[in-house]
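A short worksheet on the structure shown next.
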Amino acid sequence: MKALPAVPATRHIALLRGVNVGRNKRIAMADLRSLLTSLGLSQVATLLQSGNALFTAKVPDAAKLGARIEAELQDRLGLDVRVLVRSVPELRNLVDHNPLPQATAEPSRFFLTFLSEDPAPDRIESIRPGDYAPDEFRFGDRAIYVWYRDGLLKSRLTYDLWEKRLGIVATARNWNTVTRLAELGAS
């Protein structure tokens with residue numbers, strides 16, 4: 001009998017939406033690392049306390065990995081949390097193809113909003129950039145680059161806007177976190 005080809009392991013990042021923001025959906029990063037390791041994922045590491053995890057998996061399907069992590073968070077910890085997973089090469093591609101390079105000078109005001117899927121073109125067109133000036137945004141591959149020129153708290157470009165108008169799940173990280181995740185994933 002012929003052996004099946006070995007599946008190469010891929011480095012991924014998991015982005016948990018809305019954890020450790022306020023009193024709800026609290027999770028210690030040690031518990032998250034333990035949960036991911038128990039799923040058979042290897043080289044597990046976390047960054048900050050905001051639900052950023054890196055891991056290696058032989059399962060290449062990011063959506064399946066995200067669903068599996070979501071189910072375990074619910075079953076083991078009682079947390080109803082959406083999890084978006086990207087491969088490190090996908091993340092690196094998003095960093096390398098930043099359409100707003102001038103925004104990197106203000107990394108705490110420049111965010112990458114990760115999307116659960118690419119939104120429908122008519123939904124994208126319904127959000128007119130001029131309505132949100134001075135903030136700027138550009139769509140990427142299952143992501144939105146957002147430059148909050150006057151800061152995130154003063155903007156009308158909120159997660160609710162993205163999720164309701166686009167009909168998808170969204171979670172964002174500032175540019176410092178995004179580039180740090182890309183660096184850690186490459187090492």
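Keep in mind the model is a prediction, meaning the values are calculated, not measured.
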I'd like to know if the side chain of [X] and the backbone of [Y] have a donor-acceptor N/O pair within less than 3.5 Å.
{"X": "Asn52", "Y": "Leu47", "answer": "yes"}
{"X": "His12", "Y": "Thr10", "answer": "yes"}
{"X": "Asp118", "Y": "Arg142", "answer": "yes"}
{"X": "Arg180", "Y": "Trp175", "answer": "no"}

Notebook entry, point to check: Distance from Leu91 atom CG to Leu112 atom CG, nearest 0.5 Å?
Noted result: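 With rounding to 0.5 Å, CG (Leu91) is 7.5 Å from CG (Leu112).
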Check: Does the ring centre of Phe111 sit less than 6.0 Å away from the ring centre of Tyr148?
Finding: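 Yes, the ring centres sit under 6.0 Å apart.
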Margin query: Using the ring centroid of each side chain, check whether Trp162 and Phe114 are separated by less than 6.0 Å.
Written below: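 Between Trp162 and Phe114, the centre distance exceeds or equals 6.0 Å.
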Checklist line | Residue pair Thr171 / Arg173, side-chain donor-acceptor N/O under 3.5 Å | finding: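 Their side chains do contain a donor-acceptor pair, which is all the 3.5 Å distance test asks for.
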Checklist line | Ser34 and Asp31: side chain donor to acceptor below 3.5 Å | finding: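 Note: Ser34 and Asp31 side chains miss the donor-acceptor criterion.
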Margin query: Using the rule given for ring pair (Phe, Tyr, Trp, His ring centres under 6.0 Å), can you reason through Trp147 versus Tyr132, listing the C-alpha separation, both sets of side-chain angles and the distance that settles it, and then say yes or no?
Written below: CA-CA 11 Å; Trp147 186 5; Tyr132 300 94; over 10 Å; no
Next item on the list: Using a strict 4.0 Å threshold on nitrogen-to-oxygen distance, state whether Glu125 and Arg123 make a salt bridge.
Entry: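 No, no charged N to carboxylate O under 4.0 Å.
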Margin query: Any carboxylate oxygen within less than 4.0 angstrom of a Lys/Arg side-chain nitrogen, looking at Glu163 and Arg17?
Written below: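 Result for this pair is yes, salt bridge flagged.
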Note to self: So which atom in Leu35 and which in Ile69 form the shortest heavy-atom distance, rounded to 0.1 Å?
What the structure shows: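 Answer, listing the atom of Leu35 first, then Ile69: CD2-CG2, 4.5 Å.
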